[in-house]
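Here the structure comes first, spelled out in structure tokens, and everything after it is commentary.
Note that the numbering runs from 1 along the sequence shown for the chain. Keep in mind that what you see is a predicted model, and the values were worked out from it rather than measured.
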Amino acid sequence: MGTWCMELTGLPGWLFTECYGLAGDLSETIALLLPPAATNAQPATGAISLTRILEQFTALQSVTEAEKKAAILHYWKLFTSPERFVFNKLM
């Protein structure tokens, strides 16, 4: 996940490592470093249910690495920083 965060943010590896060292938690580091959520990316029906996210986590076990990455990046773009933190912890 750290590599995907660096790709998305454009941060060099050394800076990501320093941030991770200060935060001490990968989920928190990623949640704080990612750009703000896209305001137009929120679903029209409101919040995404935790049940739906957990079902999709289960489905991700049997897909390729590229499909996992696409799904995680999609959620990272939807969620706010606190939501990303919880999402990352659930993973």
Side-chain angles (χ1 to χ4, degrees):
M1 287 191 331
T3 303
W4 299 341
C5 178
M6 286 184 281
E7 289 174 11
L8 193 61
T9 60
L11 288 175
W14 70 267
L15 184 53
F16 181 86
T17 302
E18 287 295 317
C19 292
Y20 177 45
L22 289 172
D25 183 275
L26 183 60
S27 296
E28 182 179 11
T29 302
I30 292 170
L32 293 172
L33 289 176
L34 291 172
T39 55
N40 61 347
Q42 290 294 341
T45 58
I48 301 169
S49 74
L50 180 58
T51 301
R52 180 174 171 212
I53 292 171
L54 292 175
E55 288 169 351
Q56 291 183 352
F57 279 162
T58 303
L60 288 178
Q61 293 177 7
S62 60
V63 300
T64 68
E65 189 75 11
E67 291 170 314
K68 289 176 186 176
K69 179 181 177 180
I72 291 168
L73 294 181
H74 169 74
Y75 281 116
W76 281 353
K77 290 177 183 176
L78 285 179
F79 295 149
T80 63
S81 186
E83 291 168 334
R84 288 174 184 153
F85 174 71
V86 173
F87 174 78
N88 292 341
K89 283 293 189 183
L90 288 172
M91 282 192 291

Measuring from atom [atom1] of [X] to atom [atom2] of [Y], what distance do you get when rounded to the nearest 0.5 angstrom?
X     : Y     : atom1 : atom2 : answer
Leu32 : Arg84 : CG    : CZ    : 10.0 Å
Glu18 : Leu11 : CD    : CG    : 12.0 Å
Lys89 : Asp25 : NZ    : CG    : 3.5 Å
His74 : Phe79 : NE2   : CZ    : 8.0 Å
Met1  : Leu8  : CE    : CG    : 13.0 Å

Closest contact, heavy atoms only, [X] versus [Y]:
X     : Y     : result
Thr29 : Cys19 : OG1-O, 3.9 Å
Cys5  : Leu34 : SG-CD2, 3.9 Å
Ala31 : Phe85 : CB-N, 3.6 Å
Gln61 : Lys68 : O-NZ, 4.3 Å
Leu60 : Ala71 : CD2-CB, 3.8 Å
Leu33 : Thr9  : O-CG2, 3.5 Å

State which residue, out of Phe16, Trp4, Phe87, fulfils the side-chain contact (heavy atoms from CB on, under 4.5 Å) condition with Ile30.
Phe16

